[in-house]
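Contents: one structure, followed by commentary.
So you know, we letter chains A, B, ... as the sequences are listed, proteins then strands, and number each from 1.
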There are 2 protein chains.
Amino acid sequence: MNSARRVTTQDIAEAAGVTSGTVSRALRGDPVVSRATRERIQEIARRLNYQPNLSARALRTGRSGTLALACSTGPWVLHHPYFSRLGSGFMTAAAEEGQRVTVYTPPAATAFPVSVEDQEWPREMSNGLVDGCAVYQSHRLSQESLRFLLDSRLYVVLLNTDVDVPGFFQLRSGSDERIRESLRWAAELGARSAAVLGLPERMTTVNQGLRAGMEAPPRGLDVRFEEIRHYEPDEPKAVVEALDRIHAARPGALVLNSDAHLALLRAGRREGRWSREPAVFHHRPADAEANVLDREVHYLVADLLEGGRKAYGMIRRAQKGEPASSESLQWKRAEG
Amino acid sequence: MNSARRVTTQDIAEAAGVTSGTVSRALRGDPVVSRATRERIQEIARRLNYQPNLSARALRTGRSGTLALACSTGPWVLHHPYFSRLGSGFMTAAAEEGQRVTVYTPPAATAFPVSVEDQEWPREMSNGLVDGCAVYQSHRLSQESLRFLLDSRLYVVLLNTDVDVPGFFQLRSGSDERIRESLRWAAELGARSAAVLGLPERMTTVNQGLRAGMEAPPRGLDVRFEEIRHYEPDEPKAVVEALDRIHAARPGALVLNSDAHLALLRAGRREGRWSREPAVFHHRPADAEANVLDREVHYLVADLLEGGRKAYGMIRRAQKGEPASSESLQWKRAEG
DNA sequence: CTGTTAGCGCGTTCAA
DNA sequence: TTGAACGCGCTAACAG
């Protein structure tokens with residue numbers, strides 16, 4: 001902590017015997033400045049350790065060089081294995097282009113459905129500090145929040161919706177596609193019946209995708225949907241009950257996502273139950289670690305880092321004038 | 001994306017029949033403004049959906065209301081189970097007080113030792129957008145980078161150093177303390193000998209802490225240090241070799257951190273090897289998931305969310321004039 | 001209690 | 001090719 005005054009274009013100007021206007025042009029590499037003075041100015045700037053005041057620049061230009069990464073449901077998203085990777089890819093891509101990323105989150109996990117009072121950031125977003133925005137868990141946003149975003153001068157990408165939201169760029173999680181892929185795989189592996197396990201409806205819209213993916217299952221495969229009701233991470237009862245229901249039906253394959261998988265692991269009831277049946281997981285790579293000891297598991301993997309990168313690219317292309325579009329995460333098979 | 005002009009204090013002033021100065025005071029709740037006009041102005045601001053331009057405010061006041069979270073080694077930190085939780089706690093605490101958090105990372109994983117060229121952000125940090133800064137993996141920072149931070153007008157907290165860095169606030173990871181605690185525990189559990197497993201020295205300063213913690217072990221406990229050499233996540237050879245060396249010594253307990261634990265799991269060689277011996281892990285809660293199936297594991301847990309919160313608090317107290325200080329993460333025993 | 005004024009540091013326009 | 005001057009939107013010091 002030092003109280004030395006910051007060095008400004010003025011300081012450089014005086015040192016170089018020019019005006020601040022010339023300094024500004026020189027530092028931005030404007031070829032209209034004579035090469036000699038340009039290089040002299042740049043040299044002085046380096047020597048004085050000049051750092052442009054980006055608040056001033058943002059005020060003047062109306063662009064901050066900063067993007068927002070916002071989440072609607074709570075800060076847990078920031079350390080969630082799925083979302084944190086998505087965010088990591090986003091931030092990496094931003095860092096590569098010298099863009100900054102500011103994270104907005106409600107201070108505590110919000111109740112469902114999310115009311116607009118829980119979400120300060122959609123309004124605050126037009127504070128001049130941010131040029132664009134990617135939103136985690138955007139399916140939780142209220143209509144009002146969406147309207148704020150639409151009315152702002154921001155470019156917005158919605159992440160992990162399964163439904164179309166007109167006017168926004170979207171990176172879709174593609175739950176339906178990966179369910180479909182998992183079921184196809186289960187059929188290839190010889191299963192005659194499969195169960196799809198979901199978390200409680202109120203916790204995830206993934207169930208929508210699950211159900212969509214179950215329509216028109218592969219020929220000869222009998223598919224049923226089972227839900228973990230009232231799931232609490234430390235309360236395995238509902239998980240065990242769901243497992244019991246599934247077990248009674250003795251499906252040849254079990255399809256679930258990583259959250260449900262973790263719920264099973266936490267409930268500690270998997271072992272010995274599925275002696276003969278193949279288990280088919282569609283899931284997320286962050287859990288690869290949890291699966292290291294679990295040889296029977298097959299899964300679908302998405303390159304989430306690449307997904308975050310995609311989201312970033314959508315915003316940047318938008319800034320260059322391209323129309324809103326929607327892309328899907330790509331999922332591929334892997335063996336656990 | 002909308003191109004409507006943003007509403008300013010001027011607009012409100014005109015609508016209210018006052019000047020922008022009064023508007024500014026009223027909106028900040030300055031009691032010097034008469035209650036009547038204050039409320040009238042606030043009402044108008046709400047109706048017009050006014051959002052203050054924070055770039056302008058930052059330019060004027062010299063404070064941005066934004067903190068930085070920076071990492072020195074690469075963006076992988078952002079989705080690492082340990083660091084992302086620390087960050088989550090930091091951001092949660094910030095969100096509670098309406099502070100913003102901007103993330104700075106080198107765009108790619110940097111080589112060791114980290115050269116200053118790899119680190120744009122320590123210089124860029126004095127760009128006027130940021131009031132203070134917490135640094136992940138600060139032991140990787142070069143002397144030049146540290147000097148930049150010291151010479152800036154920023155309040156800086158270094159995270160996960162085990163050594164004192166004068167002039168900085170520090171949140172220490174306390175490796176030595178948790179090694180000591182793990183060994184004490186191993187002795188209580190009846191072990192006569194223990195092995196401490198570390199990752200390659202060049203990858204972590206934790207080994208310093210490991211070695212420090214091994215000094216003056218509990219009475220009657222024989223402790224040896226073993227290192228995984230040349231560790232690559234997809235190359236289990238070095239891990240297996242380390243395991244073989246340990247196994248040959250047949251210690252009664254094995255002490256390691258979560259990274260080394262994951263290395264073991266990935267190498268897939270744990271099973272059957274430690275049939276009778278207790279395994280003592282000192283490790284990090286993010287790996288609780290990986291341990292769900294692993295009943296023999298004992299571990300130390302840190303509340304990392306609370307740790308991040310602590311780091312945030314240190315910066316805030318610094319801003320209020322408190323002298324630099326150093327705190328440790330608190331570790332407690334748990335059963336896996 | 002409120003109005004006036006100045007200036008934070010930068011980028012940009014208009015003259016020279 | 002460069003200088004002079006202005007203004008982005010806000011806060012703060014001073015005057016009334």
Side-chain angles (χ1 to χ4, degrees), chain A residues 3-42 44-45 48-66 124 126-131 152-153, chain B residues 3-42 44-45 48-66 124 126-131 152-153:
Chain A
S3 53
R5 205 177 56 79
R6 300 214 23 225
V7 19
T8 72
T9 46
Q10 270 300 338
D11 301 323
I12 301 178
E14 288 168 19
V18 293
T19 59
S20 70
T22 308
V23 171
S24 173
R25 286 181 283 245
L27 293 180
R28 321 203 84 244
D30 191 329
V32 81
V33 180
S34 82
R35 186 171 155 167
T37 51
R38 185 163 16 118
E39 291 182 347
R40 186 161 45 94
I41 288 174
Q42 287 171 342
I44 294 177
L48 297 185
N49 244 314
Y50 169 74
Q51 284 302 129
N53 184 323
L54 298 186
S55 296
R57 180 180 290 172
L59 178 59
R60 176 62 233 237
T61 63
R63 294 258 308 240
S64 63
T66 302
E124 197 195 316
S126 27
N127 56 14
L129 294 177
V130 150
D131 297 331
S152 70
R153 11 145 248 99
Chain B
S3 53
R5 205 177 58 78
R6 301 211 25 221
V7 19
T8 71
T9 46
Q10 272 298 339
D11 301 324
I12 301 178
E14 288 168 19
V18 293
T19 58
S20 69
T22 307
V23 171
S24 173
R25 286 182 285 245
L27 293 180
R28 325 202 79 246
D30 191 329
V32 82
V33 181
S34 83
R35 185 171 156 167
T37 51
R38 180 156 29 110
E39 291 181 346
R40 185 161 46 92
I41 288 174
Q42 287 171 341
I44 294 176
L48 297 186
N49 243 314
Y50 168 75
Q51 284 301 128
N53 184 323
L54 298 187
S55 296
R57 179 180 290 170
L59 179 59
R60 175 65 233 231
T61 62
R63 295 259 308 240
S64 63
T66 302
E124 197 195 317
S126 27
N127 57 13
L129 292 177
V130 149
D131 297 332
S152 71
R153 11 147 245 97

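- Put simply, CZ on A:R153 is 16 Å from P on D:dC8, counting in whole angstrom units.
- At whole-Å resolution of the value, CD in B:E14 and P in C:dT2 are 18 Å apart.
- Counting all heavy atoms, side chain and backbone alike, B:R6 lies closest to A:R153 at CD-NE, 3.8 Å.
- Across all strands, B:V32 comes closer than 4.0 Å to base atoms (heavy-atom distances).
- Taking atom CZ of B:R40 as the reference point, atom P of C:dT2 lies 8 Å away to the nearest angstrom.
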Contact state string [nucleotides 7-13 of chain C, B base, S sugar-phosphate only, - no protein heavy atom under 4.0 Å]: BBBBBBB
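- In this structure, B:I41 atom CD1 and C:dC1 atom P are separated by 13 Å, rounded to whole Å.
- Nearest heavy-atom pair across A:G128 and B:S55 is O-OG, 3.1 Å.
- Considering B:I44, B:V33, B:V18 as possible partners of B:V23, the one that fulfils the side-chain contact (heavy atoms from CB on, under 4.5 Å) test is B:V18.
- At whole-Å resolution of the value, CD1 in B:I12 and P in C:dT2 are 16 Å apart.
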Evaluation steps, side chain to side chain contact (heavy atoms under 4.5 Å, CB included), between B:I12 and B:I41: CA-CA 7 Å; B:I12 301 178; B:I41 288 174; 4.0 Å; yes
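- Across all strands shown, B:S34 has heavy atoms under 4.0 Å from sugar-phosphate atoms exclusively, and none from any base.
- Of all heavy-atom pairs spanning A:R57 and A:P52, the tightest one is NH2-CB, 3.5 Å.
- Remark: C1' of C:dT2 and CG of B:D30 are 11 Å apart, rounded to the nearest angstrom.
- The distance from the CG atom of A:D11 to the OG atom of A:S20 is 10.5 Å, given to the nearest 0.5 Å.
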